[in-house]
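All remarks here apply to the structure that follows.
So that the names make sense, note that chain A is the first sequence line, chain B the second, and so on, each numbered from 1.
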Amino acid sequence: MLKQLLLGSVMALGFIGSAAAEPVNILMEGVPDTEYVKALVPEFTKETGIEVNLEVVNYAEMHTKLVPQLVSPKGSYSAIVVDFYWVGEFAKAGWMQPLDDRIKADNFDTSPYIPAMMDLVGKVNGTTYMLPFYNYAMGLTYRTDLLADAKNQADFKTKYGMDLKVPETWDEYQKQVEFFTKDGFYGAVNQGLRPDPIAMEWSNYLFANGGEYHDADWKPTLNTPAGVKALEQYTNSINKYGPVGSASFGFDEAFNVMAQGKAYSYITYNFFRTAYDDPSKSAVVGKVEIMPVPGVSPDKGGSLNGAWGWAIPKSSPNPDDAWTFLKWVESKEITKKRALAGGSPTRTDVFDDADVLAKYPYYPALKKLLLTSHNFAVFTYTPQLVEVLGRELSLAVAGEKTPADALAAVEVEFTELAKKDGKLK
Amino acid sequence: MIGISGTGANAADRRDRRFGYAMATPSLLVLFLIILFPVISALFTSLHDYTLIAPNFDTFTGLTNFKLALGDAEFRHSAWLTLRFVIGVVALEFLIGFAVALMLNKVERFKPIYYAILLCPLLMNPVIVGLIWRMFLHPNLGIVNYLLSTIGIDPVNWLGDTKIAIWTVILVDIWHQVSFMIVLLLAGLSSLPKEPYEAARVDGANAFQCFIHITLPMMRTVIVVTLLIRLIFAVKTYDLIYIMTRGGPGTATDFVSYFIYRTAFVSLNVGEASAMSIILLTAILGLTVYLYRYMRSIN
């Protein structure tokens, strides 16, 4: 009797379960911006009745978790977030659904997105596959109190014959790095861990020297005067102007050095800006500001762009509900709420919003940073390029290869990858 | 009479044997499926141009993947590095482990407490071990360099120097895994009979002679098994590298398991990664067979 009762109730539960709509499942990375989305999800469920499950994991696990789901005809993720690294690969493999028809049908306006964001995590060869989610472009974080110090200003003037101020060009910043390195204090802290921390950070040095990854025909342009100079400066920054061990720092360790007040500057992801003002993580509250990485001249920036986009995989079990969620989460209202919570926006209308500006006075700097930022080489084999770049840069920093030799080695493998992808004829 | 009972016994024997096979077949089948299937599937994949971007077996490439792998200077470098690492950790862990096991074997009181303390690192997840040590060894903010500075030693660049990084990884691996050696060797030591030692004492042998002529020969099987298991685990070291160095600085700690992982999941080239795994498997298998034979020959 009891058995039958149990069996019956289990079956009844099963029916109820299958009668309710399938929830929207999304795999996400454990970063601040995910938390801001998570906090707002109950509002969406209240409005639409659609449940949303966010599966939050570490970045390192994401790709390996996603691929099997994307390859199968029916996966378990309704929507996904895509790092700009993977865009080429996902598009090439045909894992994402084009969104153009849905955008048109619902009159979803994509014009407020910053164009560089749409290029990076929006459109691929004219087709919209993603909506830009948040940006993690890199910026120069520096100590304002040290720049304002009268003695530093006088000393700097005598030594270099120029004023000590917020740097307008990359060369000016390099002088400051040299100037501040003394008595156990460091001009810069770097994240030299391979592969992505070093590859991402060095990209800023490349762009700041006026270099790029490739020309219009995808011919690599790394072993050039700009590239070699960038790598020499990076090597010096780690070995001469940085703390012992920065050749193996990930971003958290490098951030800690900066947050403990032991370095003048750190080129890093812009979402760290808020963390400097958190007394539980930082000893330099109110003393650090962010700006675009300066370039060869005051009108040029050297920042590396980076962003995540929302997409609906081909294998999505419920693409319509997923689109309803994407539309909602990327609406002006919700993106503004996310930005107010501390998120990194991708839309100009959010950057220009009065409430957002009132709360975060440094947002104009972030907007300028995005507008002047440069993109990494995005193609099918971006992850491999990062791997090769990480290895060779690390060898140069360790003094086992000259900058020119290391960059020549990268060019050889980059050329192969670009040819394999059909980018380079 | 004898003949009849003889055939009867044979028939019963045969029935017994058949019954035995019948009983063992399902579990053997499951075992083969679980262990052999992945190996065969890897072998099959290694002969094809199989990538995660185009996951199909359309292009048969024969031994191309093996040629590519063996021709890759980075792969050879990582294999060579792994070999040196394995010899380093296994030898050091064995020496330390055996010494500690011998000492513990003499201990009478509080043995469970020693055991508990020794087992602590072993129970920890390698990822956690890596993270803890990364913090301890932070050049500026870590406790190790702080303690060294109190006795006037300059900060050591534990993970950022190409010459030191591999030794740091070896040290952390020893800290993590040496208890495994201790526990296994101690179990072997405590199961040794007491009589030969008493006889040797009567004959006037000293402790060193007892160790060389009694302990070592009797422990040989245990030692070989312990070394073998540790060796196989050491070749597969991946987690520590992933957490602590990512193969850097430069290529100073780029071990073969991490290299294969990257080939499969970063380069998405599962075909070539399978070929590399098969090469690695063959090497470990060869070593295992050799040590197993050696163990059999001394018994």
I'd like a table of donor-acceptor pairs (distance under 3.5 Å, sequence neighbours excluded) in which one partner is a side-chain atom from residues 84-93 of chain A, with atom names and distances.
{"residue": "A:E89", "atom": "OE2", "partner": "A:H63", "partner atom": "NE2", "Å": "2.8"}
{"residue": "A:K92", "atom": "NZ", "partner": "A:D421", "partner atom": "OD1", "Å": "3.4"}

(message) Using the ring centroid of each side chain, check whether A:Y205 and A:W202 are separated by less than 6.0 Å.
(response) no
(request) Against chain B, work out which of A:A398, A:G245, A:G250 has the most heavy-atom pairs shorter than 4.5 Å and name it. (result) A:G245
(message) Looking at A:D252 and B:R134, is any side-chain nitrogen of the basic one under 4.0 Å from a carboxylate oxygen of the acidic one?
(response) no
(message) Quick check: under 4.5 Å, non-hydrogen atoms only, which of residues 159-182 of chain B neighbour chain A?
(response) B:L159, B:G160, B:T162
(request) Examine whether an atom of A:V71 lies under 4.5 Å from a heavy atom of chain B, and if so say whether it belongs to the side chain, the backbone or both; otherwise answer neither. (result) side chain
(request) Would you mind checking which part of B:T245 comes under 4.5 Å of any heavy atom in chain A, side chain (CB onward), backbone (N, CA, C, O), both or neither? (result) backbone
(request) Determine yes or no for a side-chain-to-main-chain donor-acceptor pair under 3.5 angstrom, with A:S246 supplying the side chain and A:N190 the backbone. (result) no
(request) Counting only heavy atoms closer than 4.5 Å, note whether A:V244 contacts chain B via side chain, backbone, both or neither. (result) both
(message) For B:Y258 and B:S78, which I'm curious about, is there any donor-acceptor pair between the side chains at under 3.5 Å?
(response) no
(request) Give, as side chain, backbone, both or neither, the part of A:K262 having an atom under 4.5 angstrom from any heavy atom of chain B. (result) side chain
(request) Kindly assign one of parallel, tilted or perpendicular to the pair B:F44 and B:H48, based on the angle between their ring planes and the thresholds 30° and 60°. (result) tilted
(message) Looking at A:F185, I'd like to know if its CZ atom is crowded, meaning that more than 12 non-hydrogen atoms belonging to other residues, nucleotides or ligands lie closer than 6.0 Å.
(response) yes
(request) Classify the ring geometry between A:F251 and A:Y269 as parallel (under 30°), tilted (30 to 60°) or perpendicular (over 60°). (result) perpendicular
(request) Select, from B:G247, B:P155, B:A252, the one with the greatest count of heavy-atom pairs under 4.5 Å involving chain A. (result) B:G247
(request) Measure up the A:Y276 and A:F255 rings against each other and bin them: parallel (under 30°), tilted (30 to 60°), perpendicular (over 60°). (result) tilted
(message) Less than 4.5 Å to any heavy atom of chain B: does that hold for the side chain of A:E253, its backbone, both, or neither?
(response) both
